[in-house]
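Can you read through this structure? Questions will come right after.
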Protein chains: 2
Amino acid sequence: MTPNTQPDTLAAAQDRFIATWGQMGSAWGISRTMAEVHALLFIVGEPLCTDDVMERLEISRGSASMSLRALVDWGVVARAHKRGDRKEYFAADQDVWTLFRAVVRERMKREIDPLLASLFEIRDMTRGMDGGVHSEISEHNLRVDELLQFFEIAQAVGQRFISPSGEGLQAAAEILSKTPA
Amino acid sequence: MTPNTQPDTLAAAQDRFIATWGQMGSAWGISRTMAEVHALLFIVGEPLCTDDVMERLEISRGSASMSLRALVDWGVVARAHKRGDRKEYFAADQDVWTLFRAVVRERMKREIDPLLASLFEIRDMTRGMDGGVHSEISEHNLRVDELLQFFEIAQAVGQRFISPSGEGLQAAAEILSKTPA
DNA sequence: CGAGTCTTTCAATCATTCCTGAAAGAAGCA
DNA sequence: TGCTTCTTTCAGGAATGATTGAAAGACTCG
């Protein structure tokens with residue numbers, strides 16, 4: 001075993017993780033680069049500056065800057081500073097559940113909330129136009145109402161999950177996953 | 001109120017719904033068109049043939065065909081036939097929870113499962129290379145293991161949800177959403 | 001205040017994903 | 001089987017979304 005085996009393997013494992021996480025990202029509506037930047041910060045576990053990110057990921061300065069900024073906005077990466085260094089450093093939150101909560105929060109804001117708003121408006125368009133129980137309009141209203149109910153439940157569950165007391169849900173999930181169906 | 005007010009309003013509400021659902025779709029990694037086709041079938045509530053879909057959505061034959069096929073593969077739309085008509089008709093499942101289960105199933109297959117497989121491989125790359133508790137490798141392994149744990153829980157919860165006995169989870173979610181945090 | 005260093009912005013370019021439409025393929029019927 | 005009707009496929013074009021890189025902006029320090 002040469003002295004370099006360990007570092008090389010570590011770097012390879014990191015690269016592999018970055019690629020995997022990047023793929024995952026695209027499936028989640030997060031741009032591949034942004035996911036890769038997060039993966040890098042998460043897996044190295046220590047603060048990195050913009051240039052570190054640029055070099056390791058071979059991306060442009062602009063791209064690195066945008067991605068880092070977005071990750072900070074999402075609340076999954078924190079800015080950090082080193083004494084006697086003017087550069088800004090970035091570190092990923094190391095708690096997986098915190099990360100997941102941030103993702104849920106962000107997606108609720110961008111997806112569920114607008115969807116619910118639209119559904120309410122759609123329902124109001126045909127409110128009180130029912131021409132008897134079996135009319136097309138009533139059936140339409142029924143369908144919209146069912147969706148509304150569903151997404152209201154989804155919103156409530158999601159909100160509970162991301163709330164401070166969401167710890168409870170986390171525990172619930174862990175237990176749930178272990179109990180046989 | 002002219003005789004045409006109701007039908008027009010209904011059509012408008014349907015269009016609005018289709019647009020909304022389409023947007024939603026893109027956020028979910030489903031192509032907009034595919035989501036719109038589903039929205040149409042869901043909201044009209046009765047079987048439609050390829051030409052109906054093409055006309056209403058103003059899309060090409062190829063696009064309609066592909067979307068319909070994909071929806072059937074997902075299990076959220078069923079083929080139907082009309083007596084004395086050689087055309088194929090398509091009808092969306094009207095149960096929202098069934099729909100949601102299909103989405104979860106599909107996304108697990110495409111996202112969680114491959115991700116878990118990769119994470120296992122990544123872990124194996126640095127297995128048994130730990131150079132003491134505080135080595136870089138150990139810390140790396142710790143991080144990977146935490147992710148593995150998390151996604152194994154996610155997978156278990158998801159599987160339980162989509163299983164036949166997933167009805168239980170549905171009930172749980174409904175209760176959960178109503179209980180105050 | 002001005003030089004130097006670091007960060008952000010944004011128009012142009014590039015990549016990816018999606019849709020089209022025509023042609024090939026099935027499937028039913030006489 | 002040959003004709004008709006309907007469905008699927010797929011190469012190319014269109015649209016959408018991401019990335020670059022250079023220039024402008026912001027901040028520090030002497």
Side-chain angles (χ1 to χ4, degrees), chain A residues 18-19 21-41 47-74 77-91 106-107 110-111, chain B residues 18-19 21-41 47-74 77-91 106-107 110-111:
Chain A
I18 291 165
W21 204 240
Q23 298 246 229
M24 179 80 180
S26 11
W28 279 56
I30 295 157
S31 92
R32 193 177 43 75
T33 301
M34 181 171 157
E36 285 186 356
V37 172
H38 177 261
L40 173 61
L41 293 175
L48 257 41
C49 71
T50 308
D51 293 81
D52 295 334
V53 173
M54 286 170 60
E55 279 174 33
R56 181 75 186 260
L57 262 34
E58 298 184 74
I59 59 175
S60 72
R61 184 168 299 283
S63 197
S65 174
M66 302 245 272
S67 300
L68 287 168
R69 140 80 94 133
L71 288 168
V72 171
D73 285 348
W74 275 51
V77 162
R79 293 176 197 274
H81 293 277
K82 286 194 178 170
R83 210 170 290 289
D85 190 340
R86 261 158 68 189
K87 279 203 290 290
E88 216 162 6
Y89 286 75
F90 299 87
E106 211 59 30
R107 291 185 69 102
R110 286 204 287 164
E111 291 156 33
Chain B
I18 291 165
W21 205 238
Q23 298 246 232
M24 180 80 181
S26 12
W28 279 56
I30 295 157
S31 89
R32 192 178 43 74
T33 301
M34 181 172 157
E36 285 186 357
V37 172
H38 177 261
L40 174 61
L41 292 175
L48 259 41
C49 71
T50 308
D51 293 81
D52 295 334
V53 173
M54 287 169 60
E55 281 175 31
R56 181 75 186 261
L57 262 33
E58 298 184 74
I59 59 174
S60 72
R61 184 168 300 282
S63 196
S65 175
M66 301 249 268
S67 299
L68 287 167
R69 141 80 94 132
L71 289 168
V72 171
D73 285 348
W74 276 48
V77 161
R79 293 175 197 275
H81 293 276
K82 286 195 177 166
R83 211 170 289 288
D85 190 341
R86 262 159 66 190
K87 278 201 292 287
E88 217 162 4
Y89 287 75
F90 298 87
E106 211 59 31
R107 291 186 70 103
R110 288 203 288 163
E111 290 156 34

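In what follows, every heavy atom counts, from backbone to side chain, and hydrogens, waters and symmetry copies are set aside. As the structure is a prediction and not an experimental result, all values here were calculated from the model. Lettering follows sequence order; numbering is per chain, from 1.
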Open item on the list: Between C1' on C:dC18 and CD1 on B:I30, what's the gap in Å once rounded to a whole number?
Closed with: 15 Å
- [ ] Find the distance B:R61:CZ to C:dG25:P and express it as a whole number of Å.
- [x] 18 Å
- [ ] Measure from the side-chain heavy atoms of B:M66 and tell me the nearest of D:dT19, D:dC10, D:dT8.
- [x] D:dC10
Open item on the list: Rounded to whole Å, how long is the line connecting atom CZ of B:R32 with atom C1' of D:dT16?
Closed with: 10 Å
Task: Heavy-atom closest pair, residues B:W21 and B:A35 - done: CD1-O, 3.3 Å
Task: Side-chain (B:D85) to main-chain (B:K82) donor-acceptor, under 3.5 angstrom - done: no
Open item on the list: How many whole angstroms separate atom CG of B:L71 from atom P of D:dT8?
Closed with: 12 Å
- [ ] Return no unless some side-chain N or O of A:S60 is found under 4.0 Å from OP1 or OP2 of D:dT19.
- [x] no
- [ ] Check whether any side-chain N or O of B:S67 sits under 3.5 Å from a backbone N or O of B:S63 as a donor-acceptor pair, and report yes or no.
- [x] yes
Open item on the list: Which residues pass the side-chain hydrogen bond (donor to acceptor under 3.5 Å, both in side chains) test with A:D73, not counting sequence neighbours?
Closed with: none
Open item on the list: Measuring from the side chain of B:E88 (C-beta onward, heavy atoms only), which nucleotide among C:dC6, D:dT7, D:dT19 has the closest atom?
Closed with: D:dT7
Task: Sugar-phosphate only, base, or nothing, as touched by B:R69 at under 4.0 Å among non-hydrogen atoms - done: sugar-phosphate
Open item on the list: For B:W28, is there any backbone N or O sitting under 3.5 Å from a side-chain donor or acceptor partner on B:R107?
Closed with: yes
Task: Close approaches to DNA chain D from residues 51-59 of chain B, in residue order (heavy atom, under 4.0 Å) - done: none
- [ ] May I ask you to list the residues of residues 77-86 of chain A, by number, that have any heavy atom positioned under 4.0 Å from an atom of DNA chain C?
- [x] A:R79, A:R86
Task: Residue B:S65, side-chain atoms from C-beta onward, closest of D:dT20, C:dG21, D:dT7 - done: D:dT7
TODO: Report which part of the nucleic acid A:S31 touches: base, sugar-phosphate, or nothing (heavy-atom distance under 4.0 Å, all strands).
DONE: sugar-phosphate
Task: Short side-chain N/O contact from A:S63 to OP1 or OP2 of D:dT20, under 4.0 Å - done: yes
Task: Separation of B:C49 SG from B:R86 CZ (nearest 0.5 Å) - done: 14.0 Å
Open item on the list: Tell me whether A:R32 is salt-bridged to A:E36, with the criterion being a basic N under 4.0 Å from an acidic carboxylate O.
Closed with: yes
Open item on the list: Using 0.5 Å steps for rounding, measure from the OG1 atom of A:T50 to the NZ atom of A:K87.
Closed with: 9.0 Å
TODO: Could you tell me which non-hydrogen atom of B:L40 sits nearest to which non-hydrogen atom of B:V53, and how far apart they are?
DONE: CD2-CA, 4.1 Å
